[in-house]
Every structure is written in structure tokens, then in C-alpha cells.
Amino acid sequence: MSPSGRSARDAGTASLSDIGPRLAVVSDSTKGTLLLVDGLSMAFRAFFGLPVENFATSTGVPTNAVYGFTTMLATLLKDNAPTHVAVAFDLPGGTFRTERLPSYKGTRDATPPEFEPQVPLIREMLDALGVVAVDRAGYEADDLLATYARRGREAGMEVLVVSGDRDTIQLVTETVTLLYPRKGVSDLVRFTPDAVEEKYGVRPQQYPDLAALVGETSDNLPGVPKVGPKTAAKWIAAYGGLEGILESADDVPGVAGANLREHVDQVRLNRELNHLLDDMDVEVPLEALEYRGADAAAIHQMCDSLQFRTLRDRLLPFVAGGAEAAPAPTTEEVVVTTDGAVAAIAALPGPVAVHVDGRAGADADAWAIGVAASSASAWGVDLSALDPAEERDLGAWLADASVPKVLHASKDAWHALQARGWDLEGVVGDTQIAAFLVNPDQRGFELEQIVQRHLGVTVDAGAAGDELDLGLGGGAGRTAGERAALVRALADVLDPMVEERGMGDLYRDLEVPLVAVLARMEHAGMAVDAATLAGLQDEARGRQDRAAEEAYAALDGDRVNLASPKQLQEVLFDRLGMPKTKKIKTGYSTDASSLAELNEKAPHPFLSALLAHRDAAKLAQIIETLAQAVRADGRIHTTFSQTVAATGRLSSKDPNLQNIPIRTPEGHRIREAFVVGAGFETLVTADYSQIEMRIMAHLSGDQGLIEAFAAGEDLHRFVGSRVFHVAPEDVSPEMRAQVKAMSYGLAYGLSSFGLARQLSLPVGAAQALMDDYFARFGAVRDYLRGVVERARDDGYTETIFGRRRYIPDLTSTNRQRREIAERMALNAPIQGSAADLIKRAMLGVERRLRDERLASRQVLQVHDELVVETAPGERDAVEAILRDEMHAAGDLSVPLEVNVGVGGDWRTAGH
DNA sequence: CCCTACCCGTT
DNA sequence: GACGTACGGGTAGGGG
């Protein structure tokens, strides 16, 4: 509660953003600015200022305090440009104050469990930001603040103290300003001596006297009854301070005076305890607090692991030598960071003059091409500036497979060049992919980000768009040259990292060659029957509308937005009073499984109508997205990414062709709209049979599973007969379904709880099933245990082909986080090996199609399935190639079985 | 226009 | 108290 009758505004408040300029002006005339922050007190403010439920990583680590604190600090750093910074922390355990008075601060509530784990994260973040954290056992952070504030003041510095503890008011002088949080951490009240006097009626150094009389609830220090800040201030003015008051205690009139006389000891104790030590013997000298800027790699790492997105951009300006802290880097700076050479960016003197020893860094988009012959020289050329002869020469250079080139996101360059009728060959490296392999769990693989991360150089993405601006000015050609130089420098750093991690072969022989395959697939696209799509669209919208009407009718005509989970919650749980479903952040879930569950417990026509509406709306939406994506050539061209899925899978977007429905009749009909294109004969699909189980059999070496696959009979029937001790022909459909769910769940780290839920079994029965399963397939259990253990020791998992995924959370002390990491560790080698296998198969298929001079082409990959569009007369050859190459993609201890289908559309081919 | 939350499609 | 991997993407709703 505010002890003042005045409004806070009277005390001279300022938002963080308007504190800056004023202080910046002042600090110009001083010997620097010292920023001192009370770490825990501000972290607490941040914690309570931001709803913890809205700030957590996907693995459930709460981050609200880290986020709020870091935001606040970033704003302070930006606005005040301090020359020196320190954040002081209280340490667990007692202090000299609790020794003196064990009940000191005794009324504080227990720390919320979500807060505690964020403290080390904040300290890590400070480390990344290059800010010194100080602490001292037996003392409070405030004592450190007081000590450093005094030293800074004596050194002639401007001092800013940021604390939510009112005791720090005593530190305020003409050159020491307190920023005290009013609300949250972004609204700080600025306490100068005048502001203190205006609010409390005393000078800052007298504030402890006032607090001793009034008491401090948060420190569990009682004051004199009936004495509030007004009375205390009046007494202090009248008697010149606490000593004067106590000397004249007998003369103080009234009830308050009597109370004072009764509480003299308490007041003296209060005063003793609220005095901050400003002459501590500190380990870290003032000079060591000098702010030298942040560490880019550490910032990236923190923002990655805490899943901060917008904050990253606000922190990077603090990177030492970063864009904000220093003039825009010149080309020299770019290359100096790698090998000391100096890049000379010049207009391309003619393509023939590009002499390349070793790999060339290259960059291309629709407007320009850049070539870096080495990290010591680069050219950039604006495509519009080329004359026909130059164009021919440059085109030949790009298409020359014997000229090794390294690019960043080379698939994009491939498309840009293709659009001009140029081929890109000889790509031996792609720094985007290299960076991904080095750590696939990071996000942000744009050139700027990778350069920042691995070269430690900040490049400005520029206001206009994606172009780099290294401060050299100039047009697209120059930019491309600069990018090429960066790529060349980056390759020198990343290549050894890839090799060190044992992924050289995977990189050179699998991922990089795959780029061209994917580029051709994207370029080819998939033909679509627009009329079929349009018909489906009408149907789905019709069903959607009817279901909506039905749903409204069930609500007596109330037209609630059926797409709004929020409104649905109101209807279901408030208005209809239905039983609560599983909890989610915003209340109770209305997802399909919850609605189905509700329909069992409390059948209502609204529920079935809602489910039907969801279904139809989703379908209509998918169809609409697809219809929109059909290009002028009547085909859909997705974009595959090799640098998104941390397991090594591909991803597909714009549109995503890897999640086209299949389970329902409507899904089938959507797939029927994907057809063979004009000039081609048919679609052939080939998919791996039970690829993940086969990989598990291989990796675990389980003789039972290996035997099952060798026998070639129905896997789940075989497994079921072993688990239930019956003959294969006596495995009931229910038994088969159970072992199937069990088998598939294994690779995902399924628990008995999850298995029980999926099979609608009691947990005990699910556990018994798991026990029976492992009794017969013990090597699988041993493998799964071992893979997690090994990953914990090594820090990473590995696929059959050496692809790594680093999983640091395996050693997390946070159980939820650790268990999520364990499931990742279980799954990554299996899913990742499957991804490796089909990628190897894709390379094989592409090679065979080329070598055998076939016109058929791969058009789609869906994780364990390949789709090829076959040219007339090539159907059988393609089928054989798919079988051969997918089969031969790996040498496992079980056969890799492939199912092939043929048809005029995707659904038909898929059966 | 951007962000988060929820929901849902695939493997 | 949570409780199966890996994704992309649409809509709602809140905020700038």
C-alpha cells in the first residue's frame, strides 16, 4: 500500500522509454553511467507482472520472469547506454540481518515453484548479454547496490539504481537516481531527491528514519502504531531526524507519542536493519562492471532454448561490435573474422575473369549473381547489366558441374536461375544445410542469422527486405557479391564442424545432392484436377452450412461462432453445464476427443452437429487452400525444406502436401484430385512397409522382431501370437490392434497411461500388455533404455547414417522437460534413420531415371512414400526402379519391404 | 500486421 | 501432475 496521500504522478514518474533521452544527455557530461539492478526483486516484479501461463517453452519451462526481466534490462541498456552495469542477487540462506533478527522478512510467502527455476536462466541470460552478476553470501543485494552506488558516485559517475525494494530510496542523491517499479517492470517511477521529498516528505537519506517509524510490512518489521508516513515525516521535520525524535520521545504528544515510547526498541532495531551497507568489501571492482556488449552465439542459444522470438532482435543490437554498437561493418570486417584476408568487392569485370581456386562461394536470386573466388575476393553482377556474351559465359560457369560451388539455401538459387533458363550444377556445399546438421534444433537458418551465429558478425538485413547491407551501398549485384563472400567464409567455418561431428558423408553425399532432386520435384509439381477440387469444395461448404444450422438449432437459434474455442467453452460448460473436459491454458478443451467424450457422458444434438461442422469446415479449408495453390500450369508446387525437422525429415509447405487427408472417404476424394499430368501416363506410389518397426528391429537387434520380418508374415499377427502365446491364426482382431498400438507407440516413448487411453483399457491392463510385450521382445526394451542413456552421456542421438540430434535436456533437473527430451531421444534415431533411408532412395531413384534416360520424374515425398509421375511406356521401369532403390537404400538386418501402387490419381495409386 | 492459443491434417 | 514423435496451417482473439 502506498504510504503517500499523493498520487504517484506527483512523484515524477516516467515510463522507461522517456527516461532514456534525459539521462543520456546528463551522462554525456559525466564520467560514465553506472546501471545497478536488484536482480531478484525485479525478477519477481516481472514474474507477477506477466501471466506465467502465457510464458513457457513448448516443453513447459516457465519463462515469464526471464522474459520480463530481460525486456526490462534491454530497454534500460538501450535508453541509458550505461558504461557500466551490474545486477546484484540475493543468495539463498540467511544474512547478517536474519542473524540479528530471525523473523526478518519472515512473512514473505513461499516462492512460487515456477519462479525458482527461472533465476539460473536469468543469470545465464545476463552472461549472454555480457552483464556482470554480483552476489555475496550473508548480504543482501541491496547492500551490494549501495556499495557500488557509492563507488560509482565517488568516481563521478551518473548512477541508476533499479530496485523494487523501498530501502534503496536512501541511496538517492543528486547523481544517484532510483528507478522504482510502479506496475510490472516497464513502468518505472524515477526517484530523484526532489521526487522522494515530494512523495514522502523527507530527504532520501532520512527515508530510513521514516521507514523505521512506520515499519515495513514486506520485511516483517512492525512500526509504531498510529504512526503513518505523514506523522513520521512531521516528526522528522520537527526533531531533525530519528535520533532527535528518540531523544525527545518524552515530549512527543498524543497517542502516537505514547506508542512511540512503548516501541523505542523496535524502532531502533528497524533503523539498524534498514540501513544498507555501502562500504562492503566486494570482490568485483567497479572497473570490471564496464559494459562491453553481448555474445551473439550465447544470445542465439538462449533465445533458441527459451523460444524467444521477438526478444532476439531486441538483444542482438547489444552484441559487441553489433550493428547498433558500431558502424555498419565493412567488407574487411566480414572476412577478417575468418582468415584475416580482405575481401574486395568489385563489379564483375566479365564472367570469364572469375578465376576460382577451390570452391567458389556463390549467391543468386532473380536479380543478381555473386561469386566469391575465395574469401579474399568476390564479384557481384546485376543480371540486367549483362550483355549476351557475358550472360552465356556466366551461364556456362554456373552450369559447369566441374566447378565446385557452395551456396546458402542453394535450392532457392536453383529456382531463381532456372527461371532465367540457367542450370546450376557443381554445388558441393550449402551452408544452410551445414548449419542445420551442426545443430538441427536451432531455428533461423537465414544467411544473416547463420553469419551472426558462426562468424560472430552482425549483418543488417536492411529495412527494404532480405538484402544484406554491409555499408558498401550499391545495387543488387554488390549485395550478391557480399553474400557470396559471406557464404565462402561461412563454409570454411562450418565444413570442419560438420566433419568433426562425423556427418561429412551425410552432408556431401546425401543432403547436398538431394537439393537438386527436391528442386526438380518442386519445379515439376503435382497436377491437379481443378474441377474435382471445385466440386468437393461446394460439397464441403454445403455440409458445413447444414451442420452449422443444425448446431444453431440445438442452441435455440443462438448463432455462436463454431470456430471459436472460447465461445464454445461458454456454450458447453457455462450454458449447457456439461462436465468439464481436460484442462487447457484457457479453460477446458473442446477438441474432437473431448467432444466425443462429452457425447458419451452427456449426449446433446449440439455436440454431434459441432463435430460434423468441424469436420466439414476443416475439409473445405484444406480444399480451398489446395485450389488456391494451383498455378497457371494446372499444378501445385510445394516447397520442401531440409532444414526444419530436427529429426532429418523433410517438411512441405505452401501448400503442405504431406498432410493431405487419407483416413476418411472425403480424404480419399481429395487425393483423387491429384492426378497424372498431361503428357504423362500414370502415377506410381511406393511406400516403405513398417519402416520404423524395421529400423527398431535393426537397431535393437531383437531376434524375435528380426525373425518376424524375415518370415514376411503380418507383423502384428506375428507379434500378437508371441505376446499372447497363441497361434498366429488365433490372434483376434482386438489382440492385433493392441500389439499394433503398442508397437507403434514404442518409437514415441509411449507410457502405459498413453497406451491405456488409446486402447480404452485400464492402466493396469496396458501395463500388463507392455510387460508381456517386453517379455518376448526384451532386446527392444534394452535398446530403448540404452539409446536414452547413451544420448545422455554423448549429448546427442545418432541415426544409422550418423545424423545427430543434440538433446541437452536429457540432463535437465526439470522432470517434465527431461521426459520430453527422453521421448525425443527415443524417437530421433528411428524417425531420423527412416528419413535418411528415403532420402538415399530418392537419390538412387533420381540417378536411375537419369542414367536410363527416362522422362518420368519424382513429384512428391511423404516421409515413407514416394510418388513418381511416369512418362508413357515407362511404368514398369519406374516401378522396378522404385522397388530396387528403396529396397537398397540401406543394409539392415531386416529386409526393407516396399509396396507399390499405380493409378491415374494419387488415391488409386495409393492402394 | 504480428503474436499466441487452439485445433487438426499427415507420418 | 503429466502422460506419443515430427511437422504446417487455418481461425480466433488480443495487441500494436
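Computed over heavy atoms, backbone and side chain alike; hydrogens, waters and symmetry mates excluded. In what follows, chains are A, B, ... by sequence order, proteins preceding strands, each numbered from 1.
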Review point. Would you find a donor on one side and an acceptor on the other, under 3.5 Å apart, between the side chain of H668(A) and the backbone of I662(A)?
Key: yes
Review point. Can R815(A) and E819(A) be counted as an ion pair, charged N to O under 4.0 angstrom?
Key: yes
Practice item. Scan residues 763-771 of chain A against DNA chain B and write down, sorted by residue number, each residue with any heavy atom closer than 4.0 Å; if none is found, say none. Key: none
Check your understanding: With F445(A), which residues qualify under ring pair (Phe, Tyr, Trp, His ring centres under 6.0 Å), at least two apart?
Key -> F436(A)
Review point. Can you find a side chain N or O atom of R823(A) that sits less than 4.0 Å from OP1 or OP2 on dA6(C)?
Key: no
Point to revise | For Q569(A), side-chain contact (heavy atoms from CB on, under 4.5 Å) partners two or more places apart | key: F573(A), I584(A), T586(A), T590(A)
Point to revise | Any N/O donor-acceptor pair, Q758(A) side-chain to dG4(C) base, under 3.5 Å | key: yes
**Study point:** Sugar-phosphate, base or nothing in reach of A835(A), heavy atoms under 4.0 Å
**Key:** nothing
Exercise for review: Look at T590(A) and dC7(B) and indicate whether a side-chain polar atom (N or O) is within less than 4.0 Å of OP1 or OP2.
Suggested key: yes
Could you list the donor-acceptor pairs under 3.5 angstrom formed by side chains in residues 737-744 of chain A, with sequence neighbours left out?
unit_1	atom_1	unit_2	atom_2	d
S743(A)	OG	V739(A)	O	3.0
S743(A)	OG	Y773(A)	OH	2.6

Review point. Under the ring pair (Phe, Tyr, Trp, His ring centres under 6.0 Å) test, which residues partner H637(A), sequence neighbours left out?
Key: none
Please tabulate the protein-to-nucleotide N/O contacts below 3.5 Å involving nucleotides 9-11 of chain B, giving atom names and distances.
unit_1	atom_1	unit_2	atom_2	d
dG9(B)	N2	N659(A)	ND2	3.3
dG9(B)	N3	N659(A)	ND2	3.0
dT10(B)	OP1	I662(A)	N	2.9
dT10(B)	OP1	R663(A)	N	3.2
dT10(B)	OP2	R663(A)	NE	3.2
dT11(B)	O2	R649(A)	NH1	3.1

Exercise for review: Scan residues 746-761 of chain A for pairs that pass side chain to side chain donor-acceptor pair (under 3.5 Å), counting only residues two or more places apart or in two chains.
Suggested key: S752(A)-Q767(A)
Point to revise | Those residues that, when tested against R823(A), pass side chain to side chain donor-acceptor pair (under 3.5 Å) (two or more places apart) | key: none
Point to revise | Cationic N near anionic O, under 4.0 Å, E522(A) to K411(A) | key: yes
Exercise for review: Could you tell me which residues satisfy salt bridge (Lys or Arg N to Asp or Glu O under 4.0 Å) with R671(A), sequence neighbours excluded, listed by chain and number?
Suggested key: none
Check your understanding: In residues 536-547 of chain A, which residues come under 4.0 Å of DNA chain C by heavy atom?
Key -> none
Pairs under 3.5 angstrom only: tabulate donor-acceptor contacts from the side chains of residues 799-808 of chain A to other protein residues two or more places apart or in another chain.
unit_1	atom_1	unit_2	atom_2	d
T799(A)	OG1	F801(A)	N	3.2
T799(A)	OG1	G802(A)	N	3.3
T799(A)	OG1	R803(A)	N	3.0
T799(A)	OG1	D836(A)	OD2	2.6
R803(A)	NE	D836(A)	OD1	2.8
R803(A)	NH1	E511(A)	OE2	3.0
R803(A)	NH2	E511(A)	OE2	2.5
R803(A)	NH2	D836(A)	OD1	2.8
R804(A)	NE	R501(A)	O	3.0
R804(A)	NH1	Y806(A)	OH	3.1
R804(A)	NH2	R501(A)	O	3.3
R804(A)	NH2	Y796(A)	OH	3.2
R805(A)	NE	D441(A)	OD1	3.4
R805(A)	NE	D441(A)	OD2	3.0
R805(A)	NH2	D441(A)	OD1	2.9
Y806(A)	OH	R501(A)	NE	3.4

Check your understanding: For dC7(B), does either OP1 or OP2 sit under 4.0 Å from a side-chain N or O belonging to S589(A)?
Key -> yes
Exercise for review: Considering just the side-chain nitrogens and oxygens of S651(A), establish if one lies under 4.0 Å of OP1 or OP2 belonging to dG8(C).
Suggested key: yes
Tabulated below should be each protein N or O lying under 3.5 Å from an N or O of nucleotides 13-16 of chain C; please produce it.
unit_1	atom_1	unit_2	atom_2	d
dG13(C)	OP1	S564(A)	OG	2.5
dG13(C)	OP1	Q567(A)	NE2	3.2
dG14(C)	OP1	K566(A)	NZ	3.1

